[in-house]
Amino acid sequence: MTAEPEYHRPDSLDAAQAITDQSAHPVYIAGGQDLTLRLRRGELTAVSDIISLEGIADLYGISRRDDVLRIGAMETHDTVANSDVVKLTIPALADLAQSIGDQQIRIRGTIGGAIMAGIDHADSHAALLGLGAILTSSEGEITSADFLSGESQRRASSSSVLLSVDIPIPQGAVFLKHANRAGGYSEVALFLARMADNCRQGAIIGDVIKPEFIDETDIAALANDAGSELNDRLVSRLGSYRSARLKSFIDDALGALCANAAP
Amino acid sequence: MAQHHSPREMELVVNGKTIRRRVGATTTLIDFLRDDLHLTGSHVGCDTGQCGACTVHLDGRSVKACTMLARQAEQKTVTTIEALAQGGALNPLQDAFRRCHALQCGFCTPGMIMRASDLLTQNPAPGEDEILAGLKGNLCRCTGYENILRAMRTITTDEKPVDTSASDCGIGASPPRREDRRFLTGTGRFTADISFHDQAFAVFVRSPHAHARILNIDSAPAKAIPGVLAVYTGKDVQQAGLGSLRCGWQVTSKDGTAMRGGERPILATDKVRFQGDALAVVIADSLEIAERAAQAVIVEFDRLDHNVDPARARTARPLHQDASDNRCFTWALGDEAGVERAFNKAAHITTLTLRNNRLIPNAIEPRAANATFDLGDEKLTLYTTSQNPHMARRVISETVNLAPEHKLRVVSPDVGGGFGSKIFIYPEECVCLWSAKQLGRPVKWVARRSESFLTDAHGRDHVSTVRLGLDADGRFTGLSVKTTANLGAYLSTFAAFVPTFVYGTALAGPYKTPAIYCEVDGVYTNTAPVDAYRGAGRPEAVYLLETVIDQAARDLGMDPVELRRRNLISTNSFPYQTPVALEYDNGDYERHLDAALDLVDYKGFAERRRQSQMKGRRRGIGVSCFVEACGIAPSAVAAAVGADVGLWESASLRFSPSGTLQLMTGSHSHGQGHETTFAQIAADMFAMNIEDIDVIHGDTDKTPMGMGTYGSRSLAVGGAAIVKAGEKIIAKAKIIASHLLDTAPEDVAYEAGVFRAGTGNRTCALQEITHAAYVPHDYPPDLEPGLEETVFFDPENFSYPSGTHICEVEIEPTTGDVSIEAYVAVDDFGQIVNPQIVEGQVHGGVLQGLGQALMEEAIYDQETGSLITDSLRTYALPQIHDTPPFTIANTSTPCTHNPLRAKGCGEAGAIAAPPAIMNAITNAIEVRIDMPATPDKIWRTIHKSEP
């Protein structure tokens with residue numbers, strides 16, 4: 001038999017770390033929506049401590065520093081979607097946040113929670129991976145590419161606290177998504193950006209694929225439906241319909257970026 | 001064992017009050033609000049954060065209280081639906097919902113209101129798209145969302161609610177519903193809201209396998225958990241002498257043999273037959289302990305080959321010993337030889353094979369039961385989510401043998417939608433009753449949504465081949481239908497009835513096809529039982545008919561409207577005897593066809609199609625005409641089709657001395673609005689205000705015997721009983737009046753609440769009569785005191801509503817997305833008592849039909865036998881943005897055999913919509929596909945692509 005875990009609401013990173021160090025099986029909670037579902041499914045019976053990150057002021061804030069947008073891990077999707085700074089710097093990221101789930105989910109769900117929950121097709125991954133964001137955690141910095149290449153289960157049980165994400169600000173970006181009718185999650189979605197160096201890059205996510213970073217070469221292959229390794233891999237995983245949606249997203253995104261890039 | 005922590009006390013403000021409580025770390029906010037604070041206005045409709053019924057405000061913003069922990073609300077402010085109506089007055093949003101009839105069963109309403117109110121706080125004047133996006137996270141299964149949108153528009157624009165002036169409350173008026181106040185303020189009382197002192201909780205141990213022998217059940221580890229009161233298995237129930245659940249309808253096969261197999265033990269004994277089949281129950285002091293203990297029950301299975309596909313049932317491993325080919329019956333109706341003769345002479349025969357997709361009803365309120373046993377008077381009481389409490393009492397008493405009928409009370413309090421799925425008697429409520437008696441404690445079970453998916457009776461699931469013969473002029477000469485109907489693993493209460501008597505008889509539709517033959521194999525598969533779901537048999541029949549007619553029109557190069565018109569039964573043919581047993585009393589099919597064509601501007605379609613083509617889109621239009629037999633049913637018909645029941649309905653009218661009225665009905669309201677419409681009928685007869693009438697339903701101790709609500713029968717049968725009871729009241733009142741007015745009873749005239757002696761001026765108001773009825777101080781010796789009458793009404797025939805629905809779609813070929821550009825419904829429901837409620841039934845029915853046509857499909861994995869679409873994350877229900885642009889109108893021909901002249905209206909939308917929508921899609925993409933017409937299916941069809 002397992003005992004009810006203890007709930008903590010530390011007000012600083014140090015306090016959170018102290019609790020973590022003492023705990024047999026700690027788990028962090030941000031908005032809590034994924035965690036509640038996992039608790040209900042009986043997946044977290046071993047957890048001894050639930051540590052809420054809500055009270056830690058360092059995990060909040062949205063600001064621009066030069067060419068980087070920094071978003072605190074505890075900022076909600078709703079805040080990101082409505083943030084003037086985000087809308088000015090990376091409007092596609094605001095669009096992305098606004099497309100997540102439904103309004104109640106956006107009010108509770110946080111960008112940090114979405115990253116750490118271990119769900120591969122979280123929409124946020126598309127922007128972070130596509131723009132080459134840097135994740136800053138209590139254990140240091142890691143690129144979103146390195147982070148997402150890890151096993152999703154391991155991410156979900158990570159004992160490090162995500163503090164913030166630093167997102168390079170592109171010249172322009174587009175987010176396009178085909179949502180599952182029932183669950184609202186992305187069956188396939190594309191984030192495509194024109195970066196400061198004028199090169200284009202982005203990422204593809206979906207419920208049956210791993211998050212996939214794409215560069216100019218990949219984009220060209222996808223746009224021309226050329227028989228690249230990436231193209232074949234995606235088509236075989238996504239099937240004909242979702243592949244066609246992705247192809248049209250690529251076309252639409254390239255068109256939109258051209259329009260954006262006009263001097 | 002891990003160390004126990006005593007939860008710390010937390011503080012928060014709930015509805016303006018500071019609360020300090022110890023709350024466990026894993027308790028969700030919704031459980032805290034409902035169980036600890038007894039704020040039961042917020043509901044739980046799912047377990048994946050999809051439905052929004054639990055929406056509350058946290059620091060002023062709407063959140064789903066089932067997907068956050070109570071502890072996350074510490075030091076915050078929580079507002080629930082209970083706090084919205086200040087001083088008892090509805091706030092403007094609640095009032096708009098009430099005036100626009102934006103709620104039916106009321107279960108999702110509190111969450112919807114809380115979300116909408118947050119939306120309006122953030123954005124006081126949202127546009128239509130902002131409303132759609134803003135309410136996306138809240139599901140409603142009853143209203144079709146149309147009236148929710150109207151309610152929102154009355155707040156955000158100048159749109160006025162339809163006239164619902166409360167002064168007019170008789171037949172034909174739309175007074176605001178009287179039941180709405182409690183639903184809008186969170187004071188409705190649903191089964192899950194009811195808790196007793198000493199409450200115990202039941203959790204079922206269910207089979208993970210589709211088909212397996214039970215080798216051993218080891219309940220010792222579960223019983224060892226502190227707080228566990230009992231673990232019962234199928235053997236325990238069997239040894240206690242409890243009977244199995246059986247189908248209430250006996251179907252005889254065409255070779256004269258009785259139907260075979262399908263008995264359902266209350267808990268599985270020897271083997272399990274579908275994923276979710278219950279084989280044991282754990283009863284414990286708390287739900288958490290019961291859930292943990294249920295996982296600790298160790299079951300050894302010997303897996304058997306399974307089959308989930310009705311087409312393969314005949315050769316699959318038998319589910320039931322007495323049905324070796326998994327065939328329950330092969331039932332036939334009509335003239336097989338006559339149809340073959342017609343085909344031999346036919347100028348053209350159109351043949352189609354199609355599938356009617358399997359659906360999961362998904363009332364937003366999950367099934368629930370709470371059983372109590374009163375040791376003092378040895379009486380069992382069951383609070384349950386039932387559409388027909390009297391029937392539940394009879395079956396649980398007679399068939400399951402739990403208690404004599406007079407020692408069993410069944411109460412259906414507020415019930416959050418049913419759509420058929422709550423007609424049936426399920427094992428869970430029987431087990432709760434038995435456990436309550438064994439333990440002497442109230443035992444409560446509330447289905448998780450995941451359990452609902454696995455165990456609620458599913459709907460439809462037919463595979464059919466249909467042939468339509470036509471002569472050279474396009475007149476139908478013969479119709480042949482062969483269907484394999486999936487019954488699931490066991491025969492549910494109405495299961496044998498649905499794909500036979502209500503299906504085969506519906507195949508005539510509004511057409512004068514002279515020869516019809518229908519043959520149905522009912523087969524068992526390792527899937528959840530299949531039973532009546534909104535329309536029950538008639539949607540399947542009308543879909544076949546309307547699809548094959550469109551195909552025939554394409555084959556012959558005819559306009560599908562013209563082909564229909566040529567074959568409609570004409571107005572001078574009534575009463576019309578169909579070749580499939582029914583006698584239609586009345587109708588005017590061409591009238592609603594013409595009205596619908598006008599409303600959709602059928603003539604302008606070609607131009608609209610051209611404009612769509614210029615945008616690269618494909619436009620299609622689809623017509624569906626229907627006649628349905630509803631208002632179920634004459635008891636003689638029930639007898640003829642093997643039911644050991646009558647299908648009458650009852651009403652009891654009891655005037656009080658002061659002249660107010662209690663109206664008891666044997667039918668049950670779970671969103672249909674009986675508390676309003678039934679009161680309107682009485683208000684009309686007695687010239688009363690509906691506020692002086694109390695409608696009582698859903699309690700076997702309080703109402704006369706009844707048959708419940710399904711088959712669009714409540715008004716046509718139950719409403720008729722009210723009129724008959726009213727007539728008896730007036731007859732008795734005339735005798736009392738004659739005494740008061742000192743005249744002969746035959747000289748008393750009654751009109752609008754006033755009794756008059758002859759043609760003179762001496763009158764007596766109803767209130768004087770009611771007073772005299774109970775104060776019979778100077779009565780003549782032969783006059784009985786009191787003013788209370790009960791009537792049982794058994795209709796002579798079904799009622800036959802009919803209609804034409806037309807749908808126009810535009811399809812984006814690059815995505816396969818379907819946009820419904822117009823949805824016109826013109827229905828003939830006879831006399832309409834409350835137009836606003838009837839319109840709401842059409843909205844809701846059509847949206848469920850749209851769900852079947854465009855997105856809903858229960859899919860079992862052939863390999864594993866598991867349900868793939870097992871949650872609201874995988875089974876799509878229509879959402880608010882799926883609401884089509886409705887144009888709704890009525891024509892009317894009276895039903896000739898009930899005093900209200902009313903026909904049923906609840907199922908029409910679900911019957912008519914799927915073929916209208918699918919015919920429109922076929923018209924657009926020029927290839928017929930099976931439902932649901934999902935974007936990827938449409939895209940693959942257009943692009944001739946493999947998956």
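Reminder, nothing fancy here: chain letters follow the sequence lines and each chain counts from 1. None of the values given here were measured: they were computed from a predicted structure.
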Say you draw a straight line from [atom1] of [X] to [atom2] of [Y]; how long is it, rounded to the nearest 0.5 Å?
X        : Y        : atom1 : atom2 : value
B:Leu135 : A:Gln104 : CG    : CD    : 8.5 Å
A:Asp102 : B:Lys64  : CG    : NZ    : 3.5 Å
B:Thr814 : A:Arg245 : OG1   : CZ    : 7.0 Å
A:Glu4   : B:Glu288 : CD    : CD    : 8.5 Å
A:Ile105 : B:Thr67  : CD1   : OG1   : 7.0 Å
B:Glu812 : A:Ser248 : CD    : OG    : 9.0 Å

Quick one: which residues of residues 51-61 of chain A reach chain B at under 4.5 angstrom, heavy atoms only? A:Glu54
Best-contacting candidate, B:Arg940, B:Gln50, B:Arg115, against chain A by heavy atom pairs under 4.5 angstrom: B:Arg115
Of the listed B:Cys66, B:Gly49, B:Ala133, the one with the largest count of heavy-atom pairs under 4.5 Å with chain A is B:Cys66
Residue part contacting chain A, namely of [X], when any heavy atom lies under 4.5 Å:
X        : value
B:Thr28  : side chain
B:Thr55  : side chain
B:Gln75  : neither
B:Leu877 : neither
B:Arg71  : both

Closer than 4.0 angstrom, basic N to acidic O: yes or no for A:Asp78 and B:Arg61? yes
SB check A:Asp207 B:Arg873 (cutoff 4.0 Å): no
State, yes or no, whether a side-chain contact exists between B:Leu58 and A:Arg108 at a heavy-atom distance under 4.5 Å. yes
Decide salt bridge (charged side-chain N to carboxylate O under 4.0 Å, His left out) for B:Asp936 and A:Arg181; before the verdict, give the C-alpha distance in whole Å, the side-chain angles of both, and the deciding distance to 0.1 Å. CA-CA 11 Å; B:Asp936 61 339; A:Arg181 189 157 208 164; over 6 Å; no
Which pair of heavy atoms, one from [X] and one from [Y], lies closest together, and at what distance?
X        : Y        : result
B:Trp939 : A:Ala244 : CZ2-CB, 3.1 Å
B:Ala25  : A:Pro5   : CB-O, 3.1 Å
B:Asp47  : A:Leu37  : O-CD2, 3.4 Å

Where does A:Leu44 contact chain B at under 4.5 Å (heavy atoms): side chain, backbone, both or neither? neither
Report which part of A:Thr36 has an atom under 4.5 Å of a heavy atom belonging to chain B: side chain, backbone, both, or neither. side chain
Whether the side chain of A:Tyr241 engages the backbone of B:Thr815 through a donor-acceptor N/O pair (distance < 3.5 Å, no angle test) should be reported. yes
Counting only N and O atoms by type, is there a donor-acceptor contact under 3.5 Å from the side chain of B:Gln72 to the main-chain atoms of A:Gly31? yes
Does any pair with a residue in residues 130-139 of chain B pass salt bridge (charged side-chain N to carboxylate O under 4.0 Å, His left out), and if so which ones, sequence neighbours excluded? none
Check: B:Asp118/A:Gln103 side-chain N/O donor and acceptor closer than 3.5 Å: no
Tell me, yes or no, whether the heavy-atom count around B:Glu9 atom CD, taken from other residues, nucleotides or ligands under 6.0 Å, exceeds 12. yes
